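For reference, the structure discussed in these notes is given below.
In what follows, every heavy atom counts, from backbone to side chain, and hydrogens, waters and symmetry copies are set aside. Please read these numbers as outputs of a predicted model, since none were measured by experiment.
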Amino acid sequence: AIKLDRLGQGLRACSLLGLGYALLSFASIFFFAPQMALLFLNPGEEALIGYTAQYITTLGAFFFPLALVNILRFSIQGMGFSQLSILAGVLEMAARTVMGQVFVPLFGFTAACFASPVAWISADLFLIPAAILCIRHLRKLYPDQTEEAALRPVRAEGP
């Protein structure tokens, strides 16, 4: 529809929803991580329960950057710039590789817990400016496509 005014509104609304979800999820995980771990483990596996609780609590603390990755990646794809979305995925993979090759040997399991959050933040550091540039590019391509312009009747051109 090329209603470019809605891009910023949609990104803001989705980001606020993502933030709300992230906060509620993290609060649940923070208080109930060991009980959540028991959904997958036997009660006698105390060491594993501790590791699982640490892992899901670490991930839960970074659900908002994950939400941004999904919101921005899909928005960029929807704007027609799929290559940038693919590049963000490559950056995530590179961040996980660095965490696994460099930081896990140095810091152990805690570094492994942070591999995905570091990947999400790396992708966001690319996707946020990429989304801004994509929107600017579309506004240059379609300078008259504000919501008001889209509502005006179009005159038929021709003979």
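Under the rule for a salt bridge (Lys or Arg N to Asp or Glu O under 4.0 Å), the partners of Arg96 that lie at least two apart in sequence or sit in another chain are Glu92.
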Quick one: do Phe114 and Phe62 satisfy side chain to side chain contact (heavy atoms under 4.5 Å, CB included)? Show the steps, please. CA-CA 9 Å; Phe114 280 93; Phe62 292 92; 3.6 Å; yes
Test side chain to side chain contact (heavy atoms under 4.5 Å, CB included) on Phe81 and Leu138; report intermediate values, then the result. CA-CA 11 Å; Phe81 301 96; Leu138 290 175; 4.2 Å; yes
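Atoms CD1 and NZ, on Ile135 and Lys140 in that order, are 13.5 Å from each other to the nearest 0.5 Å. Rounded to the nearest 0.5 Å, atoms CD1 (Ile56) and OH (Tyr51) are 15.5 Å apart. Rounding to the nearest 0.5 Å places CG of Leu41 at 6.0 Å from CD1 of Ile49. Atoms CG and CD1, on Leu7 and Ile132 in that order, are 12.5 Å from each other to the nearest 0.5 Å. Atom OG of Ser122 and atom CE of Met99 lie 9.0 Å apart (nearest 0.5 Å). From Met79, atom CE reaches atom OG of Ser85 across 8.5 Å, with rounding to the nearest 0.5 Å.
Looking at every heavy atom in both residues, Leu59 comes nearest to Pro117 through CD2-CD, 3.7 Å. Contact detail for Phe126 and Leu84: the closest heavy-atom pair is CE2-O, 3.3 Å. Residues Ala37 and Ala53 come closest through the heavy atom pair CB-N, 4.5 Å. Ile76 approaches Ala130 most closely through the heavy-atom pair CD1-CB, 4.0 Å. Considering all non-hydrogen atoms of both residues, Pro65 and Asp124 come closest at O-OD2, 2.9 Å. Across Ile71 and Ser75, no two heavy atoms sit closer than the pair O-OG, 2.7 Å.
Leu133 is not connected to Tyr142 by any chain of hydrophobic side-chain contacts under 4.5 Å among Ile, Leu, Val, Met, Phe, Trp and Tyr, and they are in different clusters. Placement of Leu91 and Leu125 within a single hydrophobic cluster is found when ILVMFWY residues are connected by side-chain heavy-atom separations under 4.5 Å, directly or transitively. Under the 4.5 Å side-chain heavy-atom criterion for Ile, Leu, Val, Met, Phe, Trp and Tyr, Ile128 and Phe64 are members of the same hydrophobic cluster.
By the neighbour-count criterion of 12 heavy atoms within 6.0 Å, atom CD of Gln35 is densely surrounded, having more than that number from other residues, nucleotides or ligands.
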Acceptor/donor pairs from residues 16-31 side chains to any protein atom, 3.5 angstrom cut, sequence neighbours excluded:
from	atom 1	to	atom 2	distance (Å)
Ser25	OG	Tyr21	O	2.9
Ser28	OG	Leu24	O	3.1

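Counting only residues at least two apart or in different chains, side chain to side chain donor-acceptor pair (under 3.5 Å) contacts with residues 52-72 comprise Gln54-Thr110.
Counting heavy atoms from C-beta on, the side chains of Val118 and Val98 never come closer than 4.5 Å. With a 4.5 Å cut-off on side-chain heavy atoms, Leu68 and Leu127 do not count as touching.
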